[in-house]
Amino acid sequence: MANNIWQAQLNIEAHTLKPVELTLDHCIKCNICVTACPVTAVTDLFPGPKYVGPQAGRFRHQGQPSPDHSVDYCNGCRVCNMVCPTGVKIAEINGRARAHIVQSGQVPLRRKLRNNLIARPELMGKFGQPLAPIANGLLHSGFGRFFAKLLLDIAPNAPLPRFSGERFSRWAHKRRDAVRSDRKVVYFHGCSTEYFEARVGKAAVQVLEANGFEVIVPSQNCCGLPLLSNGEFAAAQAYHESNIRHMVDYVKQGYVIVGTSTSCTLTLKEEAPEMLAYHTPDARLLTANTFDIHEFLVHLLDAGELKTDGLRPMPLTLAYHPPCQYRAHRLGRPSTEIMALIPELTIIESQAACCGVGGTYGYKAEKYDITMAVGKPLFDFVQQVHGPIAVCDSETCRWNIAAATGVPLVHPIELLAAAYGYEPEGPLAEVMT
Amino acid sequence: MRTMETEVLVIGGGATGTGVIADLALRGFRCALVEKRDLAHGTTGRYHGLLHSGGRYAVKDPKAATECIEENVILRRIMPHCIEDTGGFFVVTPWDDDAFGDRFMQGCRDTAVPCEEISIAQMLREEPHLNPEISRCFRVPDGSADSFLATQSVAALAQAHGAQILHYYEVKHLIRQGDRVVGALCYDLVKDEEVAIQADLVVNAAGAWAGKIAHTAEVEVNVRAGKGTMIAASYRIVNTVVNRCKMPADGDIIVPVHTVSIIGTTDEAVPDPEHFAIEPWEVQLMMQEAAKIVPGWRDLRMLRCWGGVRPLYQETKVADTRDVTRAYTLLDHETRDGVAGFITITGGKWTTYRQMAQVTVDRVCEKLGTVRPCTTHETVVPNPFEQGHGRKHHNLGQRLADVEEKEAFGQLICECELATRAHVEHAIIQGEAKTIDDVRRDVRVGMGPCQGGFCTYRVAAIWHELKKPPIEETNVTLRDFLQERWKGLMPILWGPQLKQERLDELIYLSVLNADHLPGPRASRLGPAMYEPGTAWESEHAHV
Amino acid sequence: MNSMANDVLVIGAGLAGLTTAWQASRHGKGVRVIAKGWGATHWHAGCVDVLGYWPVDSETPATNPAATLPDLLAANPQHPYALVGLARLAAALGGLQHLCSDAGYPLVGSLDKNWRLPTAVGAARPTCLAPATMIAGDLDDDTPMLLVGFKQLPDFYAHLAADNLVQQGIPARHVVLDLPALAGRNFTTAVNLARFMQQSDFRAAVAQAVKPHLGKAARVGFPAVLGLEEATAVHQDLQVQLGRPVFEIPGLPPSVAGMRLHRILKAAIEKNGGQVHEGMEAIGFAADGGRVTAVHTETSGRPRQHRYEQIVLATGGILGGGIVTNHAGEVCEVVFNLPLRHPENRLEWFRRDFLDKQGHPIYRSGVSVNENFQPMDGRVLYQNLYAAGSTLAGFEAIRERSFDGVALATGYAVGNLVSN
């Protein structure tokens, strides 16, 4: 291992992982995954992770049209993977099965168009953000929603975000007060920060700079997860390859990549290589040197290098939902550990499996009700805690919980940045005043 | 003692026997078949499931190769639902002689077995788990066959044409009057009574047991039992039949059948087709040889191991060679031994069962002084279990597609093999199952990774509900099936499958306490276990 | 809540691991449980089996575990119960009963008596502690019972159980419900039936459908699906509606009753400030000077290190995944590669009968420990490493019906040892 956590690890072992489908060999049929699956708990349209994963997996043949369709109701939350006692990569098996359905041309045209649109936040951002006021007005009008449902089967109440006035990368590049240092990290902001919630990126930069890092914001693409979870593998691979091209040289110079979107970092680390079976040496380098921001901060904390003095007290009691895409990193609860450093802040962690949104899943008309049913225990919890805001690491979950509960949500890094004394923006700013 | 009478009695309910009875019935003979267990309980149900293209014999035995490709074409036409059109590869691995490839190509040309060489890149595109060190690959029209379904289907065809199928009828001895066989004395295992069956002609199609049957009429037929051991991996690691391109040897073929991949086989002469062991060296050898074809094989989950006994005929007298090829043997005991009313058909392979039946029934016609042409090559064999799939080749995804279409998720009894309650009920009632193992052969319950862990209880409950036997009978039926599964697990239990078996123990002993239920622990319909394996080394293995 | 000291790391979240963590956290230790996934609680019946049959080939169950255990210990001084001792075993049972009572889900029984509870095939199952939701099924009581099945639930068959009970002298009848609420569903599992049971209108429909069939039945048995977190209330409500005792019968996994125990233990650990992380597989460790300095877990990117003072190995045996085997006949402990006791000759792994009374020798494989549950190889291997539950050598949990008892007792003992 490298001496310091911010030094990239370049000596990577060759890929030895088995293809995800072969992990089905470990299934002992015990049904533990079924007990944990939040989707099968609310709908019998989804026959459960054991059935669609390791069982149906034995009947699939890459050379033949997909025989099944119920797997499409998997929302990709990965709770099954987390509880499986034998290590079956159920969610990835499901993701690859869905891609096979898409590749065999079994998705109706309207759905295919819709999936391709909602799976491209980068495209939407590029066109929508410059016209933010108009686009927001349209997307959030009853009129716009009506046509989205009519034309594309997008759920009329889908938790759509609002475009920001300024792209995050523009803010990052035009700053005059950026810290310069030999300790550098690369920041992967992802689409949500870039187009919708620049404040999260600003908070991340502030926290990293407060700890003495120079933050590099390279040119980058969507991580490709929405495409992966819609079975559009070719397009996802194009994004992934592009991201590797944009970032691997920094890694080779010894810098690690830090991200605030838990699903983006999971995609760079694991989902893209595993789902796409894409394991080039450069992809491996990226996997081994990408960190969720709180994972990174906990490493600093363990090494005694995280700034923990002089944190501003935050006398708040807030609900926190560790999103399933975060738990899927299998790191424990780094965000909880970091938030615990903030004086007077009380965090109440949800026990809910999933908010239901599953990335783009909850945007689809046919799945919206399932999403709301899956998320109900969480929504109830957030309302019971009754904080002025709630906290969650993942953007689509934040949007979904906010839309369902009316409680605004923030990313935990915003709390730390505020505790470091930076001026918050958005919902946190209103709470702090 | 009960008595019965028929024109032609066929002994043996494997591929050959059912083929013969179907051909007899189609040609209008009154006929009956006796099988000592369930249909396909013997060698037919214990082979690797290859539908030969003839490629395996193209160099070694050209006549057999030609027979195979002829029958291959016919079987694909008459029983498509029993066949999966997997295609086959012959591959030259680093352990094989590169030059054999040319001999192989020539052999295929000479025997009319279609064959084309494909690039290694193409081979790996189609079968990414094959050894990338393979240097040559030839494509042939091999397929994989469901020998259980085929036997059931052929038997059902025979029944539809008036034949009687009597299973769990064990032949105690043939009945001889002077120099003539006039029938057989049988034992009905289910009713526990003897039945004498009179017949004008008896056809001995008992495969590896043919010598034993003939012996009861004081006719000596030297059929030796050649044991072949096979192992099923729990998953379709390949979707094409993959053969090593060399002279046939131990462990040189992987066949994808339904949801599993089967590595086969050894070839060991055993003194008795009933009593033999699966030796540890055989298991080790299969694992080693399979890994030469699929390098990750040893890390796959092995599901089950079994041994089948090939009938190896060795002539000790002057043979009647008129209708005989080296692949199978027809013995007319009237001309050979001076014992009339009795013929034996033995040897052969599943792929040529129809042809064997044809020559046998031709001889029956001759013996009974009638001329009736064979029609089995043009008679489509319907699927007795499902209407509508009869004209299509089976494919891997079919069951999944059916469950999805009917949204029958809640109907699954065997979740691993996607067997539904309707399947199980059909097998119990229409299939006249006598054991849960019979249900398994009909509809594949208990054949997946959990090996009956979850479905044995469910099937026993449905059994009890439908058949309403005394409760002890249901209890022993359940225990017999658990033991039947254990039989084929013991030789290959390690890794995930060992873990699975411990979960199955937790279920049946601890959660259900099924070992303390009323009734006997085992019945006479329970499995005959393999002898304990002892040998780690073999002097006979050839690879 | 996360500034707890790194005192105790427990590897494994079956009954043994959870009990260890519960005890250690109760003593104020900073505890983290890491587990590849969930396990034993979800597979077994949700009772605590301590000793059901001894000798294991006995046809009749042990009626009084406290009286039979000395025979077991005399015959097998290496048995984990010998290391625990009867006093600690009793304390462990008492502790769990206390915890469950506090959680509103009483576990009933004592070491002096085994219940004989009906199984889903209708055999009598000896168990020491059972949830209050199950005990009315006890077969020492021979009053008539009605067993209720659900047409849509494939994991429980009331007619089969009833016929076997009748055969054993218990007047039992059955009814299979075909409720409209389930009829239109694509599938029904024990867990979603348990969720349905928590809805009062569904319960009312069940009671309404059962009532006409009650006849002379003095008690009514259901599959173990009477609610998840609200089991006690569901159970009581059905008793009131049916006007007689109601009991649950465990069926095929997953075990709803076991899930309740899992939930109670996990909540207790978290309430005491401990953490339980599933999906975290221990894949290696670092040691220095006879101590384990770190345990490594697999993550999405690179192994994560966990540095704790005391380490408890509770990964289970062959079933739990703490011990793995392979085609070459190797038997290995997965985290620390500890030396194992196991049959030397691979041909002796199994006996010829699946249901063999003595059990298959391979399943007795495990880690040898000293009286402090420290893995030994002639000497203590690591000063701060302990083992509990089915990872331990020298017992046949399933034939003895001691699966939960050994896990609970050794977990309890180790949880207390690491707290001193």
If we define contacts as heavy-atom pairs under 4.5 Å, which of C:V121, C:N186, C:T119, C:L160 has the most with chain B? C:N186
Identify which of C:T127, C:D353, C:V324 forms the greatest number of heavy-atom pairs closer than 4.5 Å to chain B. C:D353
Distance flag, aromatic centroids of C:F354 and B:Y508, threshold under 6.0 Å: no
CD1/C:I362 to CG/B:L493 distance, rounded to the nearest 0.5 angstrom? 10.0 Å
Would you say C:H360 and B:E505 make side-chain contact, with heavy atoms under 4.5 Å? yes
Residues B:E465, C:K151: salt bridge by 4.0 Å N-O rule: no
Where on B:M287 is there a heavy atom nearer than 4.5 Å to chain C: the side chain, the backbone, both, or neither? side chain
Tell me whether the centres of the aromatic rings in C:Y53 and B:H516 are closer together than 6.0 Å. yes
Would the distance check show the side chain of C:R125 and the main-chain N or O of B:L512 forming a donor-acceptor pair, the cut-off being under 3.5 Å? no
Looking at B:D515 and C:R401, is any side-chain nitrogen of the basic one under 4.0 Å from a carboxylate oxygen of the acidic one? yes
Closest-packed option against chain B by number of heavy-atom pairs under 4.5 Å, given C:V331, C:N326, C:L117: C:N326
Test: C:D155 and B:R458 ion pair at under 4.0 Å: yes
From C:H327 atom NE2 to B:M302 atom CE, the distance as rounded to the nearest 0.5 Å: 9.0 Å
Applying salt bridge (Lys or Arg N to Asp or Glu O under 4.0 Å), run through C:E396 and B:R502 and close with a yes or a no. CA-CA 11 Å; C:E396 220 306 0; B:R502 189 60 164 168; 3.1 Å; yes
Could you tell me which portion of B:L489 (side chain, backbone, both or neither) has an atom closer than 4.5 angstrom to a non-hydrogen atom of chain C? neither
Under a 4.5 Å heavy-atom cut-off, does chain B meet the side chain of C:E330, its backbone, both or neither? neither
If every non-hydrogen atom of C:L252 is compared with every non-hydrogen atom of B:I507, which pair is closest and at what distance? CD2-CG2, 3.5 Å
